[in-house]
Structures are given as structure tokens and as C-alpha cells.
Amino acid sequence: MSKILIIDDEEKIRTLLSRIIELEGFEIFQASDLKNGKKRLENSEIDVVISDVKLPDGSGVDFSKNIKESYPWIEVILLTAFGNIPDGVQAIKNGAFDYITKGDDNNKIIPLVYKAMDKVSLNKRLLQLEKQLGDKQSFDNIIGKSKTIESAIHSAKKVAVTDATVLLTGETGTGKEVFAQAIHNASHRNKQNFVAVNCSAFSKELLENELFGHKAGAFTGALKDSKGIFEEANNGTVFLDEIGEMPLDLQAKLLRVLESGEFLKVGDSKPTQVNVRIIAATNRDLQKEIDNGSFREDLYYRINIFNIILPSLRERISDIEDLATFFLKKYTQKVGKKIISISNDYLNVLKKHFWKGNIRELRNIIERSVILEDSQELSISSLPFDMQQISTAQSTTDKTLSAFSMASAEKLHIQKILNYTQGNKAEAARLLEIGIATLYRKIEEYKIA
């Protein structure tokens, strides 16, 4: 719900305006002077301020400038008892949205508030875009030199310069959104919007509205037309994360966008035309979802024009040190600590961990360690207790294997199979009839090159 702050030292004026505007469904806050108005701005996410020009502790004209400097998305409407052209000119120069006379212009206040709200929405979008451009993600920012990640980057660079639909697959936490942003920023659409939505974060109704928008009157509370992300991203890129979670009937609407570039807003009978590139991502096996009847086969073939499989962190053991160093620098700056290095024991534990949550889990572990560490070097003591046990068990696997031991025979057999598959661990695990996680553990345990 949009929030409006009314600042006026006359209680009757505040009450009257509040009643008029509340009937439109807005949430109203009141203040009798600038001091209380500032407190309300600090404690509430205000969208529009309606302020008297002359207040007991200052000028609303000057205050509008302060608001725009501190809260650039907020729009300010100034009220005065007497029209004053110089004040009006100065108010607009200071960033006020409009300047009207009390009483005479009461019938203009509601249309003016709606126009201000539209401007607020645009302001927020622009600020979001500026932030995205400031944090622009490129392939050069993707950390890692392992063959698996370099292969994924190479494929992504190839497809980035085209308009092909891309499907990013891989486990949770492998950096799918980072890749999606890098692909967008390397494309000819990079000056247009990149808009991301997590399909698992909304109910069916909310997701439909988020994607496609609605017409005024489509449902209770739909007071005006609303754009969905496909319209917001027109000529740009839409990133659909966790697309495997999308309900079947919305999959049909998405298929129409892919095939014809058009869709129907909620409550509309006239199609809306857009030109967007779609990048989708999932950690699910979509072939299995098709067999289960929860994912459309025709949609799968439309989004799977170019598939990039992002490697798990277990397939990128050699990148762990670089990733850990990057996160160490990031979180020491954030927390304000001077931790300058990572102990070898700490790194060895990281390299032996299973990393079910991949890079996201590693990031969280490093942040936790930075908070707990009291020295200038990350040590094992700052790791979670279950990870500390890896170092305790490590000594038993560091011993030189006897040529007559079963472990030695197992190591030799695994090495032969890996040589046979030319390093393809998934194929090696299949031939060995063991899980891929077990194979990774054995490779680390026996220090197989």
C-alpha cells in the first residue's frame, strides 16, 4: 500500500486531507511540523509528502529540497494559503512535484496524488536500474579458472551476442543469476532493462500479475493499469529463475510470449506486444518434470535452445581459494575487521567439504567466520563445529597408503577409470556404480590428480 505523509500545523487541514485521500486506499501519516515530519520519513517508507509551505519550524519549500536529496524517489506536493509565484517557482526548482493553493484546489488533490504516485514508481525503477548499472556484472567478474567454469563462461559468451533463449541449469547456489546478468550485459540489449523474477516466490495469482500486469478493475483493489515485468523489460531481458516451479497454465502464457511476443494482461482482452529476450534457470530435472506432467514439453524445447550447465562447487575445488579470498575481502570491509589471510588448515577443510549449497553456502560460511574471528587470519576455530571435524579426521587420510592395502587398490582403480573417461567424473561415477558425491570424496581422500 502506498504511503502519504501530510505535514501541516493546522489539525483541521490534516484531518480533512487524510479523510479525502484515505478513501482512495492510501495509508496516511501526519505531522504538525518539520521535526516530526523528518522522524516519520526516517521510520516509514513514504512515497509522497504533502506539506504546507509555512510551518512553525521552517519552510516547506526548503524542506522539499532536503527530501529530494535524502529520498530521491519521494515526490513532494506543497500547499499554501495564498498563491505566490516566486515561492512556486522556487518549489519546482527544489524538486517539488507541484504547488497548489489550499481550499480552492481541493478537487485537484486526488488526481495530483495519483500522478505523483506514477512518478514515484518511475523514480524507484530508475534507481533500481542505476544500481544495476553501478554493480554491472560482466564475465570478467566471475571468479574461477577451473576448466569447468571456464567452459561455462566460454559458452555463455558465445550465446550472449545472439538473441537465443538460454536455459541455465545446475544446483542451487551455483551463480545462475550472475551468469544471466553477464549474458545480458554482453548483449546488444545491455542498455535496456534486465528484470529478474523468482517463479517459486509467488502464488499462481501473484506470479501472473507480476509477469503480465493487469488492467484497472481486473480485481478488487486494481484501481489503475499496472505493468508486469515483460512490459518493464521491453527490448531488454527477462530472467525467470526457478522456472520449474511455474504453474502449468502460466507456462502456456509464457509459451505464447516466446512464440508470438504477445500476452494478455489480467482482465484485458487486447494482447500486449513486447520484444524481450528470456533467460530461464532451474535446479530441477525438467525432463523428469515433463514425465511427471508438471512441465510442458513444448515449453521445454522453446527455452532449451541453448543450455549452459553451471558446475557445482565440488567440481571447482581449485577455485575455492580464490572465491574464499574474494568473500573475505568483501565481508571484512562490511564488518570493519582487519583479517588479511586464510590459514592453510582452514582452506583444506573448505576443499574437503561437500558444499551442498555451493557458492552461496561458501559465502555464508566466510561471512560467519569473519564475524567470529578475533585474529588477523581465518582459522578452523571460526568454522561451524561439523566442518571442524573434517580437520580431525583428515590425519587418517594423509598417511601414505600401503601398496598391499585395499585403499591403495581402490585408489588405483579410480585413477584408471578417470583416465578412461578422460576426467569426466559423472561418467566415471556411473562406471564405478557409485554416487558422484562419493567419487569426489574419494578423489580428495586419495589426492587423485
Side-chain angles (χ1 to χ4, degrees), residues 132 135-139 141-144 148-149 151-160 162-187 189-190 193-202 204 206-208 210-212 228-230 232-233 236-248 250-251 253-255 257-258 276-290 292 294-316 355-363:
Q132 287 176 357
D135 299 334
K136 202 164 185 176
Q137 183 69 51
S138 71
F139 291 114
N141 299 132
I142 297 175
I143 297 168
T148 52
I149 197 64
S151 175
I153 292 171
H154 177 74
S155 297
K157 284 181 177 178
K158 287 282 189 182
V159 76
T162 74
D163 255 347
T165 302
V166 179
L167 178 63
L168 301 172
T169 54
E171 297 178 10
T172 297
T174 48
K176 293 187 279 291
E177 185 165 354
V178 171
F179 263 78
Q181 287 182 335
I183 290 169
H184 169 75
N185 291 331
S187 75
R189 297 176 182 265
N190 59 7
N193 283 352
F194 171 88
V195 186
V197 63
N198 189 322
C199 298
S200 66
F202 300 90
K204 172 191 167 297
L206 287 176
L207 180 58
E208 182 174 17
E210 186 77 8
L211 293 174
F212 306 111
I229 67 167
F230 279 105
E232 294 289 351
T237 303
V238 171
F239 175 54
L240 300 173
D241 199 7
E242 303 300 348
I243 195 171
E245 309 283 344
M246 183 180 286
L248 277 169
L250 292 189
Q251 291 178 30
K253 293 191 74 169
L254 175 59
L255 185 61
V257 176
L258 285 162
V276 297
R277 181 190 198 166
I278 292 176
I279 302 176
T282 183
N283 60 5
R284 292 192 174 198
D285 184 336
L286 292 185
Q287 287 285 6
K288 286 184 179 179
E289 298 301 317
I290 291 169
N292 295 336
S294 58
F295 200 84
R296 293 179 63 110
E297 189 170 19
D298 48 3
L299 177 59
Y300 173 71
Y301 290 121
R302 287 306 302 251
I303 64 173
N304 195 31
I305 292 173
F306 198 95
N307 179 211
I308 300 174
I309 303 172
L310 300 190
S312 68
L313 194 52
R314 298 183 299 281
E315 297 171 86
R316 303 175 54 190
W355 298 117
K356 187 176 181 180
N358 294 292
I359 298 172
R360 187 179 297 135
E361 183 185 359
L362 173 62
R363 180 192 66 197

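In this text the structure is predicted, and so the values were computed from the model without any measurement.
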For Thr172, side chain to side chain donor-acceptor pair (under 3.5 Å) partners two or more places apart
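In terms of side chain to side chain donor-acceptor pair (under 3.5 Å), with neighbours along the sequence ignored, Thr172 is linked to Asn283.
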The complete set of salt bridge (Lys or Arg N to Asp or Glu O under 4.0 Å) pairs with one or both residues in residues 294-309, sequence neighbours excluded, reads Arg296-Asp298
What pairs of residues pass the salt bridge (Lys or Arg N to Asp or Glu O under 4.0 Å) test when at least one of them lies in residues 166-184, not counting sequence neighbours?
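Sorted result for residues 166-184: Glu171-Arg314.
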How would you list, by chain and number, every residue that makes a salt bridge (charged side-chain N to carboxylate O under 4.0 Å, His left out) with [X], sequence neighbours excluded?
X      : answer
Lys204 : Glu208, Asp249
Arg363 : none
Arg277 : none
Asp285 : none

Any residue meeting ring-ring contact (aromatic ring centres under 6.0 Å, His included) with Phe230, in chain and number order, not counting sequence neighbours
Phe212
Got a sec, which residues hit side-chain contact (heavy atoms from CB on, under 4.5 Å) with [X], two or more places apart in sequence or on another chain?
X      : value
Lys356 : Phe354, Glu361
Asn304 : Leu167, Tyr300, Asn307
Phe306 : Ser155, Val159, Ile308

N/O donor-acceptor pairs under 3.5 Å from side chains in residues 237-248, not counting sequence neighbours:
| from | atom 1 | to | atom 2 | distance (Å) |
| --- | --- | --- | --- | --- |
| Thr237 | OG1 | His184 | ND1 | 2.7 |
| Glu245 | OE1 | Arg284 | NH2 | 3.1 |
| Glu245 | OE2 | Arg284 | NE | 3.1 |
| Glu245 | OE2 | Arg284 | NH2 | 3.0 |

